[in-house]
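It should be emphasised that the depicted structure is a prediction, and the values quoted were computed from it without experimental measurement.
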Amino acid sequence: IPNPQVRAKAYPHEFSGGMRQRAVIAIAIANDPDLIIADEPTTALDVTVQAEILDLLREIQAQDGTAVVLVTHDWGVVADVADEVAVMYAGQVVETGPSHDLVRDPQHPYTQALLSSIPVADPEVARRKDRIILKGDVPSPIKPPSGCRFHTRCPHAFDRCRTEVPALLDGVAAGTWPDGSTPSGATTRPPRLRPRSRARARRPGPAERRRGPACGTSAAGPTRRPWG
């Protein structure tokens, strides 16, 4: 920010949007944190300022090894800067994985619908693109539905989805709820945040762990597959 001695005494309304974002980031990193939670850091900013803010976060991460949790609805930002992604619906994590894998091959019906809504600049490609239109409304966060919170809008929902929350499974492939009860040998783990080392983290390879829902769809529509 130019003229910091003058700007330090200025009011917020005297700053541009990008300058206010930089000031907030400066406050956030003043104590050399191990983790920065950036909630919509590029909202309402023009493309140039967005790029500057994201570059600043990358620089902080590279220099100090600071972990960054980025909360955003912008899939362009996700694909550009994120190593791992957690997709949430109505406050519930429905799918996680390396960003490039999740964007290329989404497993959960909500993730598929979300990605299909991204505008395409090329009109020819846009006409060929299959848009998934979800019916209904987002449920109330005060009184969410039982079971999977997406079942009220999911085109593949059935009775079990209304009573049970699908577990996130390691390395899940496309499919739906397995038949019968969960076997004793099944690996079901809740999503968790892993601490990032002080060195700059590398982007996970395509063969590394991915977590998806126990429910999902295949190219031919909903299917059932046994455990194994």
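Here the CG atom belonging to Asp46 is positioned 9.0 Å from the OG atom belonging to Ser16, to the nearest 0.5 angstrom. Gln92 contributes atom CD, which lies 12.0 Å from atom OH of Tyr110 (distance to the nearest 0.5 angstrom). Here the straight-line distance linking atom OG1 of Thr152 with atom CZ of Arg162 works out to 9.5 Å at 0.5 Å rounding. Between atom CG of residue Asp64 and atom CG of residue Asp34 there is a gap of 10.0 Å, rounded to the nearest 0.5 Å. How far CD of Glu84 is from NE2 of His100: 10.0 Å, rounded to the nearest 0.5 Å. Here CZ of Phe150 is found 8.5 Å from OG1 of Thr111. Values are rounded to the nearest 0.5 Å.
Sparse packing is recorded around CD1 of Ile37, with 12 or fewer heavy atoms of other residues, nucleotides or ligands lying under 6.0 Å away. For Asp137, the CG atom counts as loosely surrounded, since its 6.0 Å shell holds 12 or fewer non-hydrogen atoms of other residues, nucleotides or ligands.
With contacts defined as side-chain heavy-atom distances shorter than 4.5 Å, the pair Thr42/Leu54 qualifies. Residues Lys129 and Ile118 meet the side-chain proximity criterion, which asks for heavy atoms closer than 4.5 Å. Residues Ile36 and Ile60 have side chains in contact (heavy-atom distance under 4.5 Å, counting atoms from C-beta outward). With a 4.5 Å cut-off on side-chain heavy atoms, Cys148 and Val165 do not count as touching. At least one side-chain heavy atom of Pro123 sits under 4.5 Å from a side-chain heavy atom of Arg127. Residues Ile25 and Leu56 form a side-chain contact, since some pair of their non-hydrogen atoms from C-beta on lies under 4.5 Å apart.
Between His108 and Tyr89, a ring centre-to-centre spacing not shorter than 6.0 Å is recorded.
With Gln112 contributing its side chain and Pro106 its backbone, the two residues share a donor-acceptor pair below 3.5 Å. One N or O on the side chain of Gln50 and one on the backbone of Leu45 form a donor-acceptor pair closer than 3.5 Å. Between the side chain of Asn31 and the backbone N or O of Pro33 there is no donor-acceptor pair closer than 3.5 Å.
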Could you go step by step and tell me if Val69 and Leu35 meet the side chain to side chain contact (heavy atoms under 4.5 Å, CB included) rule?
CA-CA 7 Å; Val69 175; Leu35 172 66; 3.6 Å; yes

Please step through side chain to side chain contact (heavy atoms under 4.5 Å, CB included) for the pair Asp74 and Val78, ending with a clear verdict.
CA-CA 6 Å; Asp74 190 333; Val78 170; over 6 Å; no

Check the pair Arg153, Val138 against side chain to side chain contact (heavy atoms under 4.5 Å, CB included), reporting the backbone distance first and the verdict last.
CA-CA 8 Å; Arg153 306 180 72 192; Val138 178; 3.5 Å; yes

Show your working on side chain to side chain contact (heavy atoms under 4.5 Å, CB included) between Val49 and Gln21 and close with a plain yes or no.
CA-CA 9 Å; Val49 178; Gln21 293 284 51; 5.9 Å; no

Walk me through it: do Thr66 and Gln61 pass the test side chain to side chain donor-acceptor pair (under 3.5 Å)?
CA-CA 5 Å; Thr66 303; Gln61 188 182 38; over 6 Å; no

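When every heavy atom of Pro41 is checked against every heavy atom of Ile53, the shortest pair comes out as O-CG2, 4.1 Å. The two atoms that bring Cys161 and His151 nearest to each other are O-ND1, 3.8 Å, heavy atoms only. Contact detail for Glu95 and Gln107: the closest heavy-atom pair is OE2-N, 2.9 Å. Considering every non-hydrogen atom in both Ile133 and Arg131, the closest pair reads CD1-CG, 3.5 Å. Nearest heavy atom pair, residue His156 against residue Pro109, reads CD2-CG, 4.1 Å.
In the hydrophobic clustering of ILVMFWY residues, with side-chain heavy atoms under 4.5 Å counting as a link, Val24 and Val71 come out apart.
A donor and an acceptor atom, one from each side chain of Asn3 and Gln5, are nowhere located under 3.5 Å apart.
A salt bridge links Asp80 and Arg58; the closest N-O separation between the charged side-chain nitrogens and carboxylate oxygens is under 4.0 Å.
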